[in-house]
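See structure below.
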Amino acid sequence: MNNPLPRDANEITGLVPATPGWQIVVTSPSSGDRKVCPIVAWAAQRHIGTDGTPDHNVHPVFVLDGRTWTLGDLDQIIRADGEVLAPDELT
């Protein structure tokens with residue numbers, strides 16, 4: 001039997017651009033400060049649950065500290081507790 005190649009636990013399976021104005025508040029891994037970051041896209045992303053079961057959801061892709069991230073990427077470095085802000089929720 002052929003075993004499939006291992007897949008990235010945070011594999012992006014689809015991507016669409018975000019409309020302007022969406023933002024997310026996350027903690028910067030470089031400074032530890034909370035930052036408001038622009039969301040540039042929405043990603044259909046595959047995550048592996050703690051029980052090994054795959055889960056598919058839509059997650060923001062945002063710019064933080066000069067690079068793009070998803071919450072799954074950021075969670076591998078620092079606790080990713082992002083708060084998504086719609087364009088009409090901005091202060």
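The figures here come from the full heavy-atom set of this structure, side chains too, leaving out hydrogens, waters and symmetry mates.
A continuous path of Ile, Leu, Val, Met, Phe, Trp and Tyr side chains, each step under 4.5 Å between heavy atoms, connects I24 with L64, placing both in one hydrophobic cluster. At a threshold of 4.5 Å between side-chain heavy atoms, the hydrophobic network of Ile, Leu, Val, Met, Phe, Trp and Tyr places L71 and V58 in one connected group. Residue L15 is not grouped with residue W69 when hydrophobic side chains (ILVMFWY) are merged at heavy-atom distances under 4.5 angstrom, including chains of intermediate members.
How far OG1 of T70 is from CH2 of W42: 12.5 Å, rounded to the nearest 0.5 Å. Considering NE2 of H59 and CG of D73, their distance stands at 10.5 Å, rounded to 0.5 Å.
For V63, the side-chain contact (heavy atoms from CB on, under 4.5 Å) test picks out P38, V40, T68, with sequence neighbours left out. For N57, the side-chain hydrogen bond (donor to acceptor under 3.5 Å, both in side chains) criterion is met by D55, not counting sequence neighbours. Taking S30 as the reference, S28, D65 meet the side-chain hydrogen bond (donor to acceptor under 3.5 Å, both in side chains) condition, with sequence neighbours excluded.
Taking all atoms of both residues into account, the shortest heavy-atom contact from P87 to P20 is CG-O, 3.9 Å. Minimum interatomic distance between V26 and G82 (heavy atoms only, all atoms of both residues): CG1-CA, 3.7 Å.
Side-chain contact check for V84 versus I39: some heavy-atom pair is nearer than 4.5 Å. In this structure, the side chains of V25 and Q23 stay at 4.5 Å or more apart for every pair of heavy atoms.
In this structure, a donor-acceptor pair under 3.5 Å is absent between the side chains of R46 and T13.
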